Q: 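Before I ask anything, here is the structure I am working with.
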Amino acid sequence: MESNNEVRVRIAPSPSGNLHIGTARTALFNYLFAKKNHGKYVLRIEDTDLERSSQAYIDNIYDSLKALGLNWDEGPDVGGPYGPYQQSERFDIYPKYAKKLMDMGYAYECFCTQEELDAEKEESIKNKKPHKYSGKCRHLSEEEKEKLRAQGRKPSIRFHVPEGETSYDDMVKGHLHFDNSLIGDFVIMKSNGTPTYNFAVVIDDMEMKISHIIRGEDHISNTAKQIMIYNALGAEVPKFGHLGMILAPDRSKLSKRHGATAVSEFVEKGYLTEALVNFVALLGWSPSDGHEIKTLDEIAADFRISEVSSSNSIFEYDKLNWMNGQYIKKMDLAKLTQLVKPYLSCYDLSEYTEKQLERIVEVTREPITILSELTNDTKYFFGKDVEIEPDVQEKILNGEVAKKVLPYVIENELDKWDFDDEEKLHEQLADLRTYFKEQHGIKPKETMWAIRAAVTGRTHGADMVATLILLGKDRVVHRIKAAVK
RNA sequence: GGUCCCAUCGUCUAGAGGUCUAGGACGCGGCCCUCUCAAGGCUGCAACACGGGUUCAAAUCCCGUUGGGAUCACCA
């Protein structure tokens, strides 16, 4: 009895593209549900459509899921008691069930050609009637079937939809019901001998003992069909829960033209997987304590599927960016430095030691929101010379303040500055500010601007003391002298 | 078009008949801090789609309207 109560959920992506952020959210909610209920979380690859599936996409799905921390208990790579976990390796089991259904009178062979089906469809559209398969092959005699077969026709197998109503209690939407008379007899086995999606999922979920199915609400209409198959097979119907969709800001389906859609694309852009998971969890779910920055484990402990919002939610970058920034600020420095390196590949990293690189990341990480910003934000650390922004040249370096400050610094300060001692240099700069404020009435801010402009070519950037020390005396002297010329 | 789902600030949401002159977060404005950009602290702006009911009382329940979404394949 114990095994019957075990919570088993699954995520069943189809490898016809990289792992979509929406699929990632579905995976996350399944994972959370499994964790919260001490159940198993299964990964199944639905590659029934061999034409569109590829190994590269399968690898992308594995990598993305792992990067997000959504590790599965059973799956194609790790195995498990109910394998295989890849549909293309399960092709021999579906016909058995199809035959069983036919023997019991729940399914029948359909010899209609695509053309005939299309004609039927057009006819009903013309008559403004909702389209639905007529069921004309339902009562073919053995002789008729033989005749059709002799013509070389390969039959598909259709499920005979019973009369009445199909209903169930959705874990997030509540009670749902469907009028069976609106559903035509649907194909479960294609004429080429492979199962259709609706059939394969049911067989697989049944054999894999899936207890709860959490998925996007685009599957609601499939649910009726699937429940009918479970019932025909005399199998226990799992519990269903349908999540609202993630929409783009224009309320359409999230697609390429809105920017990144695959988890791997977000990662390439410089989003941290921890932030991605956290953000996506907040689409439809909210923490009971109001504290939104949470680890996967914390979210799992607080997760209740019944409290998930049943409406769609819009994917806005503002909050994702903010959250990503929060994670960047808090992340372990050594780890972050490694993550950042790919974005710094255009520079000669050998100019600095590993420790110094870490320091560069440490002092530049503060204002950034995505990792890729660091490419530009660390630019002035590299190379002997620095590129001065036109605006900075004009407004700062050509200004009166710079003309006073910079020569003074060259004359009286550079040799005194302590490039090895952060505290001392900090004081020396503070003294310099005080000096110009008292002697020339120049604001502290402006004094620093002049130096910053000369050394970094910009008006803002990392902490000045840290920057000077990192750059080192040679570069600083060179750059300040170059600026006064 | 048929069917189904959904509807609180711009966005994500809290809210399960009275505690709501509707709370939080992001974003936006202001102030403080400050060598800059940030961060942090304080603060301001901003929503119950509309119309009917039910009830002493409705953001919360019911009906309708409108709007949005999904789905109607031998794709998954």
Side-chain angles (χ1 to χ4, degrees), chain A residues 12-16 46-49 51-53 87 110 112-114 117-118 121 125 128-133 154-158 170 172-174 176-179 182-184 186-198 200-201 216-224 242 244-245 247 249 251-253 279 282-293 307 309-323 325-326 329 364-369 377 426 429-430 432-433 443-453 456 458-465 467:
Chain A
S14 128
S16 53
E46 307 218 322
D47 56 347
T48 318
D49 187 346
E51 303 271 308
R52 294 199 296 155
S53 302
Q87 279 184 334
C110 169
C112 294
T113 60
Q114 194 57 54
L117 260 16
D118 290 346
K121 191 171 176 180
I125 290 173
K128 291 197 173 159
K129 283 211 215 139
H131 168 63
K132 161 186 154 182
Y133 174 64
K154 293 240 191 297
S156 62
I157 300 174
R158 285 182 186 272
D170 193 282
V172 347
K173 304 265 184 199
L176 260 34
H177 52 91
F178 309 89
D179 183 349
L182 264 18
I183 304 170
F186 54 93
V187 172
I188 56 175
M189 291 294 287
K190 304 178 207 170
S191 53
N192 68 6
T194 62
T196 58
Y197 164 77
N198 274 314
V201 240
E217 71 175 26
D218 48 335
H219 284 288
I220 287 185
S221 57
N222 286 325
T223 308
H242 289 92
M245 315 251 68
L247 267 27
R251 291 181 188 279
S252 68
K253 217 162 153 183
F279 173 72
L282 258 20
L283 260 28
W285 172 83
S286 64
S288 54
D289 64 359
H291 190 4
E292 296 186 324
I293 304 268
E307 290 175 11
S309 158
S310 56
S311 48
N312 296 339
S313 38
I314 294 174
F315 190 102
E316 286 277 11
Y317 276 85
D318 280 343
K319 191 156 185 174
L320 205 215
N321 288 343
W322 166 78
M323 189 166 274
Q326 293 292 316
K329 284 185 240 313
T364 51
R365 90 213 281 203
E366 193 72 14
I368 70 163
T369 227
D377 288 1
H426 186 85
L429 283 176
L432 182 71
R433 270 174 254 148
K443 287 185 196 156
K445 200 197 283 190
E446 293 183 290
T447 305
M448 295 302 274
W449 261 333
I451 297 171
R452 183 181 291 281
T456 71
R458 307 182 182 187
T459 50
H460 58 255
D463 175 84
M464 206 60 249
V465 173
T467 304

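In the text below, chain A, chain B and the rest are named by the order of the sequence lines, each starting its count at 1. Not measured: the values here are computed from a predicted model. Below, all heavy atoms of this structure are taken into account, side chains as well, without hydrogens, waters or symmetry copies.
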Q: Using whole Å, what does the distance between atom C1' of nucleotide A73(B) and atom CG of D49(A) come to?
A: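 Those two atoms, CG and C1', are 12 Å apart.
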Q: Ignoring hydrogens and angles, state whether a donor on the side chain of T194(A) or N192(A) is under 3.5 Å from an acceptor on the partner side chain.
A: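 N192(A) and T194(A) do have a side-chain donor-acceptor pair below 3.5 Å.
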Q: Is a donor-acceptor contact shorter than 3.5 angstrom present between the side chain of S191(A) and the base of C74(B)?
A: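 Check passes, donor-acceptor contact within cut-off.
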Q: Does the side chain of K121(A) get closer than 4.0 angstrom to OP1 or OP2 of A73(B) through an N or O atom?
A: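 Yes, such a contact exists.
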Q: Report which part of the nucleic acid D463(A) touches: base, sugar-phosphate, or nothing (heavy-atom distance under 4.0 Å, all strands).
A: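 It contacts base atoms.
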Q: Counting heavy atoms not belonging to K253(A), are there more than 12 under 6.0 Å from its NZ?
A: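 Count not over threshold, so no.
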Q: Within less than 4.0 Å of OP1 or OP2 of A76(B), is there a side-chain N or O belonging to H219(A)?
A: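 No, no such contact exists.
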Q: What does R251(A) touch in the nucleic acid at a heavy-atom separation under 4.0 angstrom: a base, only the sugar-phosphate, or nothing?
A: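 R251(A): backbone/sugar contact only, no base atoms under 4.0 Å.
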Q: Look at the side chain of K319(A) and the base of A25(B), then say whether one donor and one acceptor between them are separated by less than 3.5 Å.
A: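 It does, because a donor-acceptor pair links the side chain of K319(A) to the base of A25(B) below 3.5 Å.
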Q: A14(B) phosphate, OP1 or OP2: any side-chain N/O from S286(A) under 4.0 angstrom?
A: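 So the side-chain polar atoms of S286(A) do come within 4.0 Å of the phosphate oxygens OP1 or OP2 of A14(B), strictly under.
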Q: Rounding to an integer number of angstrom, what distance separates G44(B) and G51(B) when you compare their P atoms?
A: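 Pairwise P distance, G44(B) against G51(B), rounds to 30 Å.
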Q: Using the P atom in both, what is the distance from C5(B) to G64(B), to the nearest Å?
A: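 It comes out at 12 Å once rounded to the nearest Å.
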Q: With a 3.5 angstrom cut-off on both distances, give the Watson-Crick or G-U wobble partner of C50(B), or none if there isn't one.
A: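 With both distances under 3.5 Å, C50(B) matches G64(B).
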Q: Does the C35(B) base have a donor-acceptor partner in the side chain of R452(A) within less than 3.5 Å?
A: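 In this structure, the two groups form a donor-acceptor pair.
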